[in-house]
Amino acid sequence: MKLSINVFCAGLAMLYMLQHNVVRGQGIPGFPPNCTCDRTPSHSPFRMAYSSYEIVPTTGYAKMCFVVNVVPCDKTATCCLANQTLYKLDMAVVPTCKPSLKEITIDGVRDTVYTWSTTVGVLTIREIGKTAANAQGTQICLFLESPCNTAQTLCSTPGFCEFALFNNVPARCCPISFAYPFNPPFTPESLSPPPP
């Protein structure tokens with residue numbers, strides 16, 4: 001049953017992307033902003049995926065976690081070279097949601113160097129410092145309070161979150177990666193296109 005729900009949700013996400021002209025591998029037009037870099041997913045060994053969602057009893061915050069996965073990539077591409085390091089990631093977010101973000105952790109350690117641009121709607125998490133050899137399974141968790149404590153309210157495209165993953169040798173790779181949290185409350189209506 002769980003598998004069927006996941007397949008159903010993935011299908012709805014793809015439908016939403018098509019309806020809104022968001023093409024896998026290209027993503028939201030102009031994201032990440034002010035970047036001239038290689039955005040081709042197949043050129044990078046790094047991908048972001050949804051990991052978990054829960055409410056923290058002691059604070060009432062939503063804990064939304066994503067995981068870094070390492071996948072085969074095009075070895076002829078600079079972004080796939082063995083010396084590439086996952087230095088930072090940009091996440092496309094709703095600009096006004098900044099007050100909802102209370103904390104970020106990387107593998108359980110609090111991150112204090114993240115930034116949130118309310119001008120362009122980008123959350124930047126820096127100094128991840130992982131390579132393809134040790135990035136697999138890296139957990140990045142956001143602690144959020146209302147009103148932006150779900151993927152539907154936090155991410156700039158409701159229902160799924162878009163990331164750009166940057167290397168640092170040199171910083172000219174920013175492949176696009178999508179994650180489909182579908183954390184509560186999720187309804188098929190939340191993926192409906194906006195009215196004309």
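By convention here, the first residue in the shown sequence is residue 1. Bear in mind the structure is a predicted one, so any value in this text is a computation, not a measurement.
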- request: Locate the shortest heavy-atom distance separating Asp38 from His43; write the atom from each residue and the value.
  value: OD2-ND1, 2.6 Å
field: Cys174 vs Arg39 side-chain heavy atoms within contact, under 4.5 Å
entry: yes
query: Can you list every pair that meets side-chain hydrogen bond (donor to acceptor under 3.5 Å, both in side chains) and has a residue in residues 59-75, with sequence neighbours left out?
result: Asn69-Gln136, Asp74-Thr76
- prompt: Sequence neighbours excluded, which residues qualify as side chain to side chain donor-acceptor pair (under 3.5 Å) partners of Thr118?
  reply: none
- request: Using a 4.5 Å cut-off on heavy atoms from C-beta on, say whether the side chain of Leu154 contacts that of Asn149.
  value: no
- line: In short, salt bridge (Lys or Arg N to Asp or Glu O under 4.0 Å) pairs touching residues 104-118 with sequence neighbours left out are Asp107-Lys130
message: Nearest 0.5 angstrom please: Asn167 CG to Leu81 CG, how far?
response: 9.5 Å
- request: Provide the full list of salt bridge (Lys or Arg N to Asp or Glu O under 4.0 Å) pairs with a residue in residues 131-152, sequence neighbours left out, each pair given once.
  value: Lys102-Glu145
field: Cluster overlap Met64 with Ile55, hydrophobic side-chain contacts below 4.5 Å
entry: yes
field: Qualifying residues under side-chain contact (heavy atoms from CB on, under 4.5 Å), relative to Thr131, sequence neighbours excluded
entry: Thr85, Ala133, Asn134
task: Output all residues satisfying side chain to side chain donor-acceptor pair (under 3.5 Å) with Gln139, sequence neighbours left out; order by chain, then residue number.
output: Ser51
query: With side chains defined as the heavy atoms from C-beta onward, is the minimum distance between Ser156 and Val93 less than 4.5 Å?
result: no
field: Arg47 side chain to Pro41 backbone, donor-acceptor under 3.5 Å
entry: yes
message: Aromatic contact between Tyr87 and Phe166, with the criterion being ring centroids under 6.0 Å apart: yes or no?
response: no
task: Please confirm whether the backbone N or O of Pro95 pairs with a side-chain atom of Trp116, one donor and one acceptor, at under 3.5 Å?
output: yes
message: Starting from Val94, can I reach Tyr114 by hopping between I/L/V/M/F/W/Y residues whose side chains sit under 4.5 Å apart?
response: no
- prompt: Going only through I, L, V, M, F, W and Y residues with side-chain contacts under 4.5 Å, is there a path from Ile106 to Phe143?
  reply: no
- prompt: In terms of hydrophobic clusters joined by side-chain contacts under 4.5 Å, are Ile104 and Tyr50 together?
  reply: yes
message: Side chains of Ser44 and Cys73, heavy atoms from C-beta outward: is any pair under 4.5 Å?
response: no
query: Among all residues two or more places apart in sequence or in another chain, which pass the disulfide (SG to SG under 2.5 Å) test with Cys65?
result: Cys141
query: What residues form a side-chain contact (heavy atoms from CB on, under 4.5 Å) with Thr124, not counting sequence neighbours?
result: Lys88, Asp90, Thr115, Val122, Arg126
field: Distance, nearest 0.5 Å, that separates OG1 of Thr40 from CD1 of Ile176
entry: 9.5 Å
- request: First locate atom SG of Cys148, then atom CG of Leu142, and finally report the distance between them rounded to the nearest 0.5 Å.
  value: 12.0 Å
- prompt: Which distance, rounded to the nearest 0.5 Å, do you find between the CD of Gln84 and the CG of Leu165?
  reply: 12.5 Å
- prompt: Do Cys37 and Cys173 come within less than 4.5 Å of each other through their side chains, counting heavy atoms only?
  reply: no
- request: For residues Leu89 and Ile128, determine if any side-chain heavy atom of one lies less than 4.5 Å from a side-chain heavy atom of the other.
  value: yes
query: Is the ring centre of Phe66 less than 6.0 Å from the ring centre of Phe163?
result: yes
- request: Mind listing the closest non-hydrogen atom pair of Phe46 and Ala135 along with its distance?
  value: CE2-CB, 3.7 Å
task: Evaluate the side-chain proximity of Ile125 to Val113: yes if any heavy-atom separation is below 4.5 Å, no if none is.
output: no
- prompt: How long is the gap from CG on Leu144 to CG on Leu101, to the nearest 0.5 Å?
  reply: 5.5 Å
task: Output all residues satisfying side chain to side chain donor-acceptor pair (under 3.5 Å) with Ser100, sequence neighbours left out; order by chain, then residue number.
output: none
- prompt: Checking Thr150 side chain against Thr153 main chain: does a donor-acceptor pair fall under 3.5 Å?
  reply: yes
- prompt: CZ/Phe31 to CE/Met91 distance, rounded to the nearest 0.5 angstrom?
  reply: 9.0 Å
